[in-house]
**Student:** 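Could you have a look at this structure, given as structure tokens, before my questions?
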Amino acid sequence: MVPAKYESPYAGVGHPGTDVYRVMDLDLDGVCADYTEAMRQWLVHAGRMAADTYPDMRHYGMTSATGWPFQSVEEYKQAHREAEANHLYATMPVIQGAPEALRRLADEHVYIRVVTHRLFVSGQHQIVVSDTAKWLDDNHIPYMSLCFTGLKDTMHATIHIDDSPANILALRQAGEHVVVFDQPYNRQLDGPRLSAWDETSVPKLMAWMDQWCDGSGK
């Protein structure tokens, strides 16, 4: 339930007497949900990958990382489409500590807006949207908006958390503040960076949001 004083919030700070939200745009795959492991498990179950195979994820994208059974982008998309139809997004492993940290952020009146590019394969959008909402509810992850878009750099927020190198660079070029959620494929990027969801995550994020809201810079 949204507290009464936050029913009509202003997104930002610096307005005396106004209760405000700090707006956090939150990516899912690679930040809260372990898409890599979910796809690996599905491929093993489907007989397309050996159970003891763990691909090298130092490169973003399953067609450029070694160990995946894909020779082309189209092969990957077809496998993804099949996994999606089998409710991949409803059953993905959650990244450890994410639900607990996000509930603490919600308690601090951080407006959590889930922003994900999960509609990149057409034809099954109803499954994707429904399974995404189910997964968020099943894992007790709080959020106040759920947005499906690949154009993340068109959305303004106090802070963005993402793992995709392309998204991070595009957001920063647009003047947005981005925290990199650590993955092997994004370690060439400058921080700030979260290496995991743990007891230090919430204080770090709150401090960064306060710093960026008051205009003191990065």
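Residues take their numbers from the sequence shown, with the count starting at 1. Excluded from the calculations below are hydrogen atoms, water molecules and symmetry mates; all remaining heavy atoms, backbone and side chain alike, are included.
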**Student:** Could you go through the side-chain hydrogen bond (donor to acceptor under 3.5 Å, both in side chains) check for Gln78 and Glu82 one step at a time?
**Tutor:** CA-CA 6 Å; Gln78 181 57 36; Glu82 293 174 32; 3.1 Å; yes
**Student:** Step by step, work out the salt bridge (charged side-chain N to carboxylate O under 4.0 Å, His left out) result for Arg172 and Asp190.
**Tutor:** CA-CA 11 Å; Arg172 287 177 172 171; Asp190 293 336; 5.8 Å; no
**Student:** Using a 4.5 Å cut-off on heavy atoms from C-beta on, say whether the side chain of Val114 contacts that of Leu28.
**Tutor:**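 Leu28 reaches Val114 side chain to side chain.
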**Student:** Once rounded to the nearest 0.5 Å, what's the spacing between atom CG of Asp29 and atom CG of Asp163?
**Tutor:**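 Spacing of CG (Asp29) from CG (Asp163) equals 8.0 Å.
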**Student:** Report, one line per pair, each donor and acceptor closer than 3.5 Å where one atom sits in a side chain of residues 93-105; sequence neighbours left out.
**Tutor:**
residue: Arg103; atom: NH1; partner: His140; partner atom: O; Å: 2.9

**Student:** By side chain to side chain contact (heavy atoms under 4.5 Å, CB included), which residues pair with Ser64, not counting sequence neighbours?
**Tutor:**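 Side chain to side chain contact (heavy atoms under 4.5 Å, CB included) list for Ser64, sorted by chain: His59.
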**Student:** Where do Val44 and Ala50 come nearest, in terms of heavy atoms and distance?
**Tutor:**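 In this case the closest contact between Val44 and Ala50 is CG2-O, 3.7 Å.
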**Student:** Hey, are the side chains of His117 and Ser164 touching, using non-hydrogen atoms and a 4.5 Å cut-off?
**Tutor:**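 The answer is no, as the side chains (C-beta and beyond) never meet within the 4.5 Å cut-off.
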**Student:** Mind checking whether Met39 and Leu119 sit in one hydrophobic cluster, side chains of I, L, V, M, F, W, Y counted as touching below 4.5 Å?
**Tutor:**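 Yes: a chain of side-chain contacts under 4.5 Å links Met39 to Leu119.
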**Student:** Does this structure show an ion pair linking Glu37 with Arg40, if we count only N-O contacts that are shorter than 4.0 Å?
**Tutor:**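 Yes, Glu37 and Arg40 are salt-bridged.
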**Student:** Are Val121 and Met92 grouped together when hydrophobic residues (ILVMFWY) are joined by side-chain heavy atoms under 4.5 angstrom apart?
**Tutor:**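 Linked, Val121 and Met92 end up in one cluster.
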**Student:** Without swapping roles, check the side chain of Thr132 against the backbone of Val128 for a donor-acceptor pair under 3.5 Å.
**Tutor:**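 Checking the backbone N and O of Val128 against the side chain of Thr132, a donor-acceptor pair under 3.5 Å is found.
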**Student:** Just checking Gln173: does its CD atom have more than 12 heavy atoms from other residues, nucleotides or ligands closer to it than 6.0 angstrom?
**Tutor:**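 Atom CD in Gln173 is not packed in, count stays at 12 or less.
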**Student:** With clusters defined by side-chain heavy atoms of hydrophobic residues (ILVMFWY) lying less than 4.5 Å apart, directly or transitively, does Met57 cluster with Tyr54?
**Tutor:**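 Tyr54 does not cluster with Met57.
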**Student:** Return the CG to CZ distance between Asp182 and Arg193, rounded to the nearest 0.5 Å.
**Tutor:**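 CZ of Arg193 is found 5.0 Å from CG of Asp182.
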**Student:** For atom CG of Asp137, decide whether the heavy atoms of other residues, nucleotides or ligands shown that lie under 6.0 angstrom number more than 12.
**Tutor:**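 Above 12, so yes.
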**Student:** Establish whether Ile161 and Ile168 are linked, either directly or via other cluster members, by ILVMFWY side-chain heavy-atom contacts under 4.5 Å.
**Tutor:**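 Different hydrophobic clusters.
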**Student:** Taking only residues two or more places apart in sequence or in another chain, which ones pass side chain to side chain contact (heavy atoms under 4.5 Å, CB included) with Arg113?
**Tutor:**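 Arg113: side chain to side chain contact (heavy atoms under 4.5 Å, CB included) contacts with Val23, Asp25, Tyr111, Val115, Ser145, Met155, Ala157.
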**Student:** Are any side-chain N or O atoms of Thr149 and backbone N or O atoms of Lys152, one a donor and one an acceptor, separated by less than 3.5 Å?
**Tutor:**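 Answer holds: no.
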**Student:** Indicate the atoms forming the closest heavy-atom contact of Ala90 with Trp135, along with that distance.
**Tutor:**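 Closest pair (atom of Ala90, atom of Trp135, distance): O-CD1, 3.8 Å.
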**Student:** Does the gap between the ring centers of His125 and Phe148 come in under 6.0 Å?
**Tutor:**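 Not under 6.0 Å, so no.
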**Student:** Going from CE on Met144 to CE on Met24, what distance comes out if it is rounded to the nearest 0.5 angstrom?
**Tutor:**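 The CE atom of Met144 sits 12.5 Å away from the CE atom of Met24.
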**Student:** Enter the distance from Ile141:CD1 to Ile112:CD1 here, rounded to the nearest 0.5 Å.
**Tutor:**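 Spacing of CD1 (Ile141) from CD1 (Ile112) equals 9.0 Å.
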**Student:** Looking only at non-hydrogen atoms, find the nearest pair between Ala79 and Leu43 and report the distance.
**Tutor:**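 For Ala79 and Leu43, the tightest heavy-atom pair comes out as CB-CD2, 4.5 Å.
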**Student:** Would you compute the distance between atom NE2 of His177 and atom NE2 of His156 and round it to the nearest 0.5 angstrom?
**Tutor:**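 Rounded to the nearest 0.5 Å, the NE2-NE2 separation comes to 8.0 Å.
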**Student:** One pair to check against side-chain hydrogen bond (donor to acceptor under 3.5 Å, both in side chains): Gln41 and His45. What are the steps and the verdict?
**Tutor:** CA-CA 6 Å; Gln41 290 178 10; His45 181 75; over 6 Å; no
**Student:** When rounded to the nearest 0.5 angstrom, what distance separates CG in Leu88 from CZ in Arg81?
**Tutor:**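 The CZ atom of Arg81 is 13.5 Å from CG of Leu88, to the nearest 0.5 Å.
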**Student:** Checking the side chain of Ser201 only, and the main-chain atoms of Ala196 only, is there a donor and an acceptor separated by less than 3.5 Å?
**Tutor:**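 Checked: pair present.
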**Student:** Donor-acceptor pair, distance only, cut-off 3.5 Å: does the side chain of Asn186 make one with the backbone of Gln183?
**Tutor:**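 Here the side-chain-to-backbone pair exists.
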**Student:** What heavy-atom pair brings Trp42 and Asn86 nearest, and what distance separates the two atoms?
**Tutor:**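 Reported closest heavy-atom pair: NE1-CB, 3.9 Å.
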**Student:** Tell me whether the rings of Phe70 and Tyr76 are parallel (<30°), tilted (30 to 60°) or perpendicular (>60°).
**Tutor:**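 Rings of Phe70 and Tyr76: perpendicular, as their planes differ by over 60°.
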**Student:** May I ask whether Val129 and Tyr35 are part of the same hydrophobic cluster, defined by side-chain heavy atoms of I, L, V, M, F, W, Y residues being less than 4.5 angstrom apart, directly or through others?
**Tutor:**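 As far as the 4.5 Å side-chain criterion goes, Tyr35 and Val129 are connected within one cluster.
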**Student:** Is any side-chain heavy atom of Thr200 closer than 4.5 Å to a side-chain heavy atom of Leu194?
**Tutor:**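 Not in contact.
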**Student:** Hey, does Phe181 have a side-chain heavy atom less than 4.5 Å from the side chain of Asp162?
**Tutor:**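 They are not in side-chain contact.
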**Student:** Using the rule given for side-chain contact (heavy atoms from CB on, under 4.5 Å), can you reason through Tyr143 versus Leu26, listing the C-alpha separation, both sets of side-chain angles and the distance that settles it, and then say yes or no?
**Tutor:** CA-CA 9 Å; Tyr143 65 99; Leu26 178 71; over 6 Å; no
